[in-house]
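Just so it is clear, the model here is predicted, and its values are computed rather than measured. In what follows, chains are A, B, ... by sequence order, proteins preceding strands, each numbered from 1.
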Amino acid sequence: MSAIHCHQLCKTFHQGDEIITGLDHVDITIETGEFVCLSGPSGSGKTTLLNAIGGLDTPDSGEIRMGDLRIDQLKRGALADMRLHHIGFVFQAYNLIPVLSARENVEFVMQVQGVATAERARKANAILAEVGLQGLEDRRPAQLSGGQQQRVAVARAIVSQPDLVLADEPTANLDSVAAAHLMGLFASLNENHGATFVIATHDKRVMAYARRLVKMQDGKIISDEAQ
Amino acid sequence: MKSVVLRMAWRNLWRHGRRTWLTVGAMIFSNSLLVFSISLQFGSYDMMIDNSLQTFSGHIQLQHPSYLDQPKMRYTLADIVANAQKLRDELALESISARASGFALASSNKRSHGIQLLGVDAKHEPLVSTFPGLVNEGRYLGPGAQEEIVIGSILARNLKVGIGDELSFLGSGLDESFAAGVVTVVGIFESGIPDLDRAMAQINLGYFQDSFAMQRAGHSIVIRAAHIDDVDGLMARISAGIDDPSRIVPRDWNELQPGLRQAIQADMTSAWFMYIVLIVLVAFSVLNTQLMSVLERTREFGTMMALGLKPIHLARLVMLETGMMTALGLLLGITLGALITAYLSVVGFSYPGMEEMAVKFNLPDRMYPAISPLSLTLGPVIVALGSLLAAIYPALRLNRLQPIEAMRAV
Ligand SMILES: Nc1ncnc2c1ncn2[C@@H]1O[C@H](COP(=O)(O)OP(=O)(O)OP(=O)(O)O)[C@@H](O)[C@H]1O
Ligand SMILES: [Mg+2]
């Protein structure tokens with residue numbers, strides 16, 4: 001996976017007569033293997049930027065390139081393939097599939113990816129144990145707490161060791177032990193597999209792990225520092 | 001089930017169990033109704049064919065090649081009685097009878113009417129035709145007896161004759177000579193078919209041959225098979241045994257009574273019109289169910305797309321769910337339909353008025369649906385195809401979904 005370049009990204013939303021700025025001429029380059037935190041107040045455009053990078057939403061103007069690939073110009077099918085095989089998403093509102101158990105939620109994407117049955121089960125059990133959900137594999141989302149659901153969503157995102165992880169508030173509902181464990185997991189995936197991480201968060205504990213901290217406000221990047 | 005996708009599809013069906021059961025119930029209802037109606041239809045066609053062929057024409061007739069299109073006196077078969085007996089021996093089948101036929105003017109001392117006069121083998125005729133059994137006044141012809149005649153009820157009324165009265169007939173013989181005779185009415189039949197009751201009369205074959213100067217010739221050898229399914233086999237054996245196809249050919253019931261097929265086809269068409277209405281109703285019920293289920297799950301579908309699934313994956317999921325629902329309706333519908341139909345095909349059933357008709361026209365007094373692999377599956381398979389077709393629209397709607405918008409939906 002190559003570096004990601006965003007150039008002059010703009011995105012506005014229309015709500016009735018109101019025009020809401022999501023992204024306002026954003027320039028950012030994320031190198032392969034980086035561990036980046038996006039922070040900023042609510043409504044500053046963090047989720048909008050993650051969505052643009054992941055090809056879930058197209059910007060009104062500007063470019064997003066991944067190496068030579070223009071993500072903003074890719075066809076829908078190609079974007080879906082890119083997400084399926086290279087990107088792990090953790091959504092702000094976990095978005096688990098209600099009729100599937102924790103294990104099945106994790107296995108589901110692997111099945112679509114074409115992973116063999118036995119390997120699927122083994123990987124799903126291992127990753128669920130990693131995020132601290134051993135013994136809860138057969139519960140449905142409705143039988144799990146918010147934090148537990150969040151951990152299932154994280155497990156689903158990273159089980160296939162994607163090249164890029166886009167995580168939106170992955171620790172919002174976790175106690176500090178669980179949060180620290182999760183960040184440790186992210187860090188080891190980053191170090192051992194070279195996966196790139198972009199994490200939107202308000203959480204100081206998360207920012208502590210970041211080697212680069214990007215602050216946003218009103219759809220603009222207001223500071224970008226290595227640390 | 002190893003596949004998560006299959007498990008998901010199955011569980012999705014039961015998120016709204018009552019709604020799913022209503023749709024499946026509609027399928028079960030129409031499938032079992034279709035199984036029953038189609039089996040009954042097939043059963044009644046069998047009965048229709050049987051009855052109609054039993055009355056007169058038989059399943060197969062051997063004739064002169066030109067006789068079918070032009071039933072003229074001169075298109076004869078030689079040595080007809082001996083040949084009929086030969087055929088009985090060869091086919092090991094008793095229900096084979098020889099006939100000759102001609103037109104004549106029948107006169108009583110009051111009136112005259114044109115009739116079709118048939119010379120029959122009084123011993124074997126009852127085995128190929130129900131006519132002898134339809135004689136409801138007097139008796140049928142005695143074997144070999146001369147100068148006896150049985151006539152239709154309308155003809156008897158028109159000629160103002162009864163049992164024991166004398167009739168004379170006048171026709172032209174094979175050698176163009178006059179064919180004439182005086183006969184005594186020994187029986188009057190009522191077939192319920194006005195044409196036959198008005199114009200048909202039967203005398204003994206030997207007497208017919210003498211009167212019409214036919215020597216040992218006749219016009220047809222009538223064969224009644226034990227079952228309609230035997231006809232093709234018999235046809236093959238008979239054809240193989242014919243030395244000279246320019247003098248004698250076998251004709252099966254389709255050729256003898258072309259109207260029968262057409263009547264069946266017409267009935268089929270009108271029945272299918274009803275069936276199609278039923279099938280369309282089921283399809284709409286599926287359409288409604290699947291459309292609702294797709295709309296309710298917009299958010300979930302959005303998530304799946306965000307995870308990298310394409311609309312085609314989602315469409316497949318919807319079709320899979322529909323397929324499962326349809327399979328359930330198919331299996332239960334066929335089972336229920338088969339049970340009801342099997343029961344009625346043993347005990348039979350009748351509708352009001354049927355028994356009177358049956359007695360009058362020498363028909364069976366109960367209907368028996370004929371269960372067969374085709375009658376069991378034909379309707380339900382079409383219902384299933386209709387249902388799957390109906391689910392295509394909700395499945396295609398997923399193509400319009402945008403992941404972000406969909407995930408924001410409630
Ligand atoms: N689909 C949408 N329709 C209308 N407005 C939107 C839409 N998506 C985002 N916005 C607006 O765009 C701005 C940026 O939103 P975004 O979700 O990126 O913020 P955020 O930084 O992720 O906030 P939070 O920390 O609360 O998650 C906000 O003002 C938000 O209301
Ligand atoms: Mg956000």
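Within the 3.5 Å criterion, the main-chain N or O of Leu23(A) finds no donor-acceptor partner in the side chain of Thr48(A). Between the Lys46(A) side chain and the Gly40(A) main chain, a donor and an acceptor come within less than 3.5 Å of each other. A donor-acceptor pair is defined here as one N or O able to donate and one able to accept, closer than 3.5 Å; no such pair exists between the side chain of His193(A) and the backbone of Ala195(A). No donor-acceptor pair closer than 3.5 Å links the side chain of Thr171(A) to the backbone N or O of Leu174(A).
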task: Evaluate side chain to side chain contact (heavy atoms under 4.5 Å, CB included) for Asn105(A) paired with Phe108(A), printing each intermediate quantity in order.
output: CA-CA 5 Å; Asn105(A) 260 286; Phe108(A) 173 64; 5.9 Å; no
- request: In sequence, state the C-alpha distance, the side-chain angles, and the governing distance for Met268(B) and Phe42(B), and then conclude on side chain to side chain contact (heavy atoms under 4.5 Å, CB included).
  value: CA-CA 9 Å; Met268(B) 250 334 192; Phe42(B) 286 178; 3.8 Å; yes
- request: Tell me, with the steps shown, if Leu309(B) and Leu317(B) meet side chain to side chain contact (heavy atoms under 4.5 Å, CB included).
  value: CA-CA 11 Å; Leu309(B) 273 73; Leu317(B) 181 67; over 6 Å; no
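Between Phe91(A) and Asn51(A), the closest side-chain pair of non-hydrogen atoms is not below 4.5 Å. Put simply, the side chain of Ile87(A) does not reach to within 4.5 Å of the side chain of Pro162(A), judged on heavy atoms.
Taking Gln113(A), Arg120(A), Glu107(A), Arg156(A) one by one and counting their heavy-atom pairs under 4.5 Å with chain B, the maximum is reached by Arg156(A). The choice from Val99(A), Val109(A), Asp57(A), Ile97(A) that makes the most heavy-atom pairs within less than 4.5 Å of chain B is Val99(A). Among Ala93(A), Gly88(A), Pro98(A), the residue making the largest number of heavy-atom pairs under 4.5 Å with chain B is Pro98(A).
Ring planes of Phe35(A) and Phe197(A): parallel class, angle under 30° (limits at 30 and 60°).
Interface remark: Arg297(B) contributes no atoms to any contact with chain A (heavy atom separation under 4.5 Å). Both the backbone and the side chain of Glu104(A) come within less than 4.5 Å of a heavy atom of chain B.
Contact residues of residues 68-78 of chain A toward chain B are Arg76(A), Gly77(A) (heavy-atom distance under 4.5 Å). Heavy-atom neighbours of chain A within the stretch residues 273-290 of chain B, taken at a separation under 4.5 angstrom, are nonexistent.
Taking the charged nitrogens against the carboxylate oxygens, Glu296(B) and Arg19(B) do have a contact shorter than 4.0 Å, which makes a salt bridge.
Side chain to side chain, His202(A) and Glu169(A) meet the donor-acceptor criterion of an N or O pair below 3.5 Å.
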